[in-house]
**Q** 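Take this structure, written in structure tokens, and hold onto it; I'll ask about it next.
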Amino acid sequence: MVFFPINTFAVDFGSYSCGQIVQYERDNNATQMNFISMYFGGYIEGRNLYENTSKFYGADMPTLYLLLVKECREKPTAYSFMVMNSIYERGY
């Protein structure tokens, strides 16, 4: 039997810098862009459930990703989690 630490395969997309995210878009790195889109979609869904709200109800992942990239272009030294939180708080 082989054991791996639980964080061996976990990825914390919230720790990505906005600079990295903008670079993924410039490089057209579809794999990373999809993963970040899914993470952001899950973040929105989780916040909606936790806070019993419906912000971004029905928002698709490509739209969420574009919101994240737009914000990251304006704040390239910020981290994605901070930007996602800011976007969610504003409600658009």
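This one's a predicted model, so the numbers in the text were calculated from it and none came from an experiment.
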**Q** Please enumerate all residues that pass salt bridge (Lys or Arg N to Asp or Glu O under 4.0 Å) together with Arg73, with sequence neighbours excluded.
**A**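 Partners of Arg73 under the salt bridge (Lys or Arg N to Asp or Glu O under 4.0 Å) test: Glu25.
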**Q** Working to the nearest 0.5 angstrom, can you tell me the gap between Arg90 CZ and Asn85 CG?
**A** 10.0 Å
**Q** Side-chain contact test, heavy atoms from C-beta onward, threshold under 4.5 Å: evaluate it for Asn34 versus Tyr65 and give yes or no.
**A**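 Of all side-chain heavy-atom pairs linking Tyr65 with Asn34, none is under 4.5 Å.
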**Q** Mind listing the closest non-hydrogen atom pair of Met61 and Met38 along with its distance?
**A** SD-CA, 3.4 Å
**Q** With sequence neighbours left out, what residues match Tyr24 under side-chain hydrogen bond (donor to acceptor under 3.5 Å, both in side chains)?
**A**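 For Tyr24, no residue satisfies side-chain hydrogen bond (donor to acceptor under 3.5 Å, both in side chains) once neighbours in sequence are set aside.
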**Q** From Tyr16 OH over to Gln23 CD, what is the distance, rounded to the nearest 0.5 angstrom?
**A** 13.0 Å
**Q** To check you understand the geometry: which heavy-atom pair defines the closest contact between Leu67 and Ile87, and what is its length?
**A** O-CD1, 3.7 Å
**Q** Any chance you could measure Tyr39, atom OH, to Phe35, atom CZ, to the nearest 0.5 Å?
**A** 14.5 Å
**Q** By side chain to side chain contact (heavy atoms under 4.5 Å, CB included), which residues pair with Asn48, not counting sequence neighbours?
**A**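 Asn48 satisfies side chain to side chain contact (heavy atoms under 4.5 Å, CB included) with Ile44, Thr53, Lys55, Tyr88 only.
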**Q** Measure the spacing between OG of Ser17 and CE of Met82 and express it to the nearest 0.5 Å.
**A** 11.0 Å
**Q** What distance do Leu64 atom CG and Ile36 atom CD1 have between them, rounded to the nearest 0.5 Å?
**A**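 Reported value, rounded in 0.5 Å steps: 13.0 Å.
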**Q** Among residues two or more places apart or on two chains, list those pairs meeting salt bridge (Lys or Arg N to Asp or Glu O under 4.0 Å) that have a residue in residues 40-49.
**A**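 Counting only pairs at least two positions apart or across chains, the salt bridge (Lys or Arg N to Asp or Glu O under 4.0 Å) contacts touching residues 40-49 are Arg47-Glu51, Arg47-Glu89.
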**Q** Check the hydrophobic clustering (I, L, V, M, F, W, Y; side-chain heavy atoms under 4.5 Å; chains of links allowed) and say if Leu68 and Val22 are grouped together.
**A** no
**Q** Going by the rule side chain to side chain contact (heavy atoms under 4.5 Å, CB included), which residues pair with Thr77 if we only count those two or more places apart in sequence or in a different chain?
**A**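 By the side chain to side chain contact (heavy atoms under 4.5 Å, CB included) rule, Thr77 matches no residue at all.
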**Q** Determine which pairs satisfy disulfide (SG to SG under 2.5 Å) with at least one residue from residues 47-81, sequence neighbours left out, and list them in order.
**A** Cys18-Cys72
